[in-house]
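Data first, discussion second: the structure below is written as structure tokens.
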Amino acid sequence: MNRDTINEIAKNTMSYRKSHLHREKGFIYYHCQRVANISLSLRRELFPDEDSMDDIIYAAAMLHDVTKGIEPHQETGAVLVKSLLKDECSPEQLEFISDIIALHNVRNHEELPFYIKLVQDADMLDHFGSMNIWTKFLGSAHSEESVWETLRFWDSGEHKQFLVKARSQLNYSRSKDIFDQKLKFEQQFHERFKLECNGEVDFS
Ligand SMILES: [Fe+2]
Ligand SMILES: [Fe+2]
């Protein structure tokens, strides 16, 4: 399996497409690239001697959202990937890749193999930290929200509940640590944003 070719296929199928009205064209391709990188970093950190599935993890992560918008995308994607990668992967590799895509958002199942859980955690983690600020600002621009509405949203119980739920869906405690670190950054950003939205100046 050639990772450059997989990347090319992912780019051709996703980078020109708009998967969400309120996000930039190609968002899903860049998201998949990040999820592939996060998945492999987590694999090296949590299972340092287990590199036999790396190509499969890479390919599945690169295409896990290929049919985003054609729901249920985990099912449509699991089917489409078999034809998209048929010249690049063996039938056995295609089965693994298809399974990962089919289960990438079926969370809180203890018995799943590590290579599925890694992609699940990477997929979740990519939505937080600076990326969460980027997507919120894109959404705010799309719906013409003021900075105050954005600040109210970040302060809302609904948003806090969403964060608690997202954290609870992570499989590994190391992933929860990364999540907490990302949230800490977001919190610092929110505080700074609030201060500057009020025209306050930090003279320190
Ligand atoms: Fe997805
Ligand atoms: Fe995703």
Side-chain angles (χ1 to χ4, degrees), residues 7 10-11 14-46 57-58 61-66 68-69 71 73 104-105 107-108 117-204:
N7 184 32
K11 191 175 179 183
M14 289 180 278
S15 70
Y16 308 105
R17 190 161 80 78
K18 207 168 157 69
S19 53
H20 306 72
L21 263 185
H22 53 284
R23 289 187 192 165
E24 81 279 20
K25 195 171 70 177
F27 171 85
I28 215 68
Y29 167 64
Y30 302 113
H31 163 65
C32 285
Q33 271 193 324
R34 295 191 297 267
V35 172
N37 287 336
I38 300 168
S39 299
L40 293 177
S41 297
L42 280 176
R43 198 284 298 156
R44 287 190 290 271
E45 169 92 8
L46 296 173
I57 291 171
Y58 178 81
M62 281 303 297
L63 289 152
H64 77 278
D65 277 338
V66 66
K68 188 82 183 173
E71 303 300 329
H73 71 280
H104 79 268
N105 55 4
R107 293 191 166 83
N108 296 348
K117 288 182 172 181
L118 287 175
V119 176
Q120 288 184 337
D121 280 13
D123 186 26
M124 182 65 87
L125 286 172
D126 182 54
H127 291 99
F128 297 91
S130 55
M131 280 305 137
N132 202 17
I133 295 166
W134 168 249
T135 50
K136 178 60 191 154
F137 279 12
L138 285 175
S140 298
H142 180 77
S143 53
E144 301 187 9
E145 259 181 21
S146 72
V147 292
W148 301 110
E149 284 164 304
T150 299
L151 280 167
R152 267 199 296 280
F153 167 76
W154 279 332
D155 261 343
S156 69
E158 179 200 351
H159 180 58
K160 283 173 188 145
Q161 264 177 8
F162 163 74
L163 296 176
V164 170
K165 187 173 175 213
R167 190 182 191 279
S168 76
Q169 289 183 323
L170 290 164
N171 295 302
Y172 298 110
S173 66
R174 191 76 186 95
S175 306
K176 289 183 200 267
D177 292 343
I178 299 166
F179 181 89
D180 293 345
Q181 200 185 66
K182 282 171 174 277
L183 240 55
K184 193 174 161 196
F185 169 77
E186 283 188 44
Q187 198 52 49
Q188 283 167 344
F189 180 85
H190 296 170
E191 278 158 27
R192 179 77 189 200
F193 190 59
K194 192 176 197 170
L195 188 125
E196 292 180 351
C197 283
N198 276 305
E200 290 176 38
V201 180
D202 182 357
F203 288 107
S204 62

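Scope of the values below: all heavy atoms of this structure, side chains included, with no hydrogens, waters or symmetry mates. Predicted model, so just to flag it, every value in this text is computed and none were measured.
Using a 30° and 60° split on the angle between ring planes, W154 and F193 fall in the perpendicular class, above 60°. Ring geometry, H127 versus H31: the interplanar angle falls from 30° to 60°, so the pair is classed tilted.
Here the closest non-hydrogen pair linking N132 and H159 is ND2-CE1, 4.5 Å. Heavy-atom minimum distance, M62 versus A36: SD-CB, 3.8 Å. Annotation for S39 and L118: closest pair OG-O, 4.1 Å, computed over non-hydrogen atoms.
E149 places a side-chain N or O within 3.5 Å of a backbone atom of S146 that can act as its donor or acceptor partner. In terms of modelled atom types and a separation under 3.5 Å, the side chain of N171 and the main chain of K117 share a donor-acceptor contact.
Taking the side chain as every heavy atom from C-beta outward, L170 and F179 approach each other to under 4.5 Å. Residues Q33 and Y29 have side chains in contact (heavy-atom distance under 4.5 Å, counting atoms from C-beta outward). A heavy-atom distance below 4.5 Å is found between the side chains of R34 and Y30. Contact annotation: the side chain of D177 never approaches that of Y172 to less than 4.5 Å [non-hydrogen atoms, C-beta and beyond]. Side-chain contact between F128 and D180: absent, with no pair of heavy atoms (C-beta onward) separated by less than 4.5 Å. With contacts defined as side-chain heavy-atom distances shorter than 4.5 Å, the pair R107/D123 qualifies. Between H190 and Q187, the closest side-chain pair of non-hydrogen atoms falls below 4.5 Å. The side-chain heavy atoms of L138 and H142, taken from C-beta on, include no pair separated by under 4.5 Å.
Applying the 6.0 Å contact sphere to CD of E71 captures more than 12 heavy atoms from other residues, nucleotides or ligands. With a 6.0 Å radius and a threshold of 12 heavy atoms from other residues, nucleotides or ligands, K136 has its NZ atom above the threshold. At most 12 heavy atoms of other shown residues, nucleotides or ligands fall within 6.0 angstrom of atom CZ in F162. Within 6.0 Å of NZ on K182 lie more than 12 heavy atoms contributed by other residues, nucleotides or ligands. A 6.0 Å sphere centred on CD of E144 holds no more than 12 heavy atoms belonging to other residues, nucleotides or ligands.
Ion pairing between a basic and an acidic side chain is recognised when a charged N comes within 4.0 Å of a carboxylate O; R192 and D202 show such pairing. Using a cutoff of 4.0 Å between basic side-chain nitrogens and carboxylate oxygens, R152 and E145 are not scored as salt-bridged.
The line from CZ of R43 to CD1 of I38 is 15.5 Å long, rounded to the nearest 0.5 Å. Atom CG of N105 sits about 9.5 Å away from atom CD of Q169, to the nearest 0.5 Å. Taking OG from S168 and CE from M124, the interatomic distance works out to 7.5 Å, rounded to the nearest 0.5 Å. The OG atom of S15 sits 14.0 Å away from atom CZ of F27, with the distance rounded to the nearest 0.5 Å. Atom CG of D65 sits about 4.0 Å away from atom CD1 of I28, to the nearest 0.5 Å.
Of the listed residues (Q120, H64, H73), just one forms a side-chain hydrogen bond (donor to acceptor under 3.5 Å, both in side chains) with H104, and that residue is H73.
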Task: Full working for side-chain contact (heavy atoms from CB on, under 4.5 Å) between V164 and K160 - done: CA-CA 6 Å; V164 170; K160 283 173 188 145; 5.7 Å; no

TODO: Check step by step if side-chain contact (heavy atoms from CB on, under 4.5 Å) holds for D121 and I178.
DONE: CA-CA 10 Å; D121 280 13; I178 299 166; over 6 Å; no

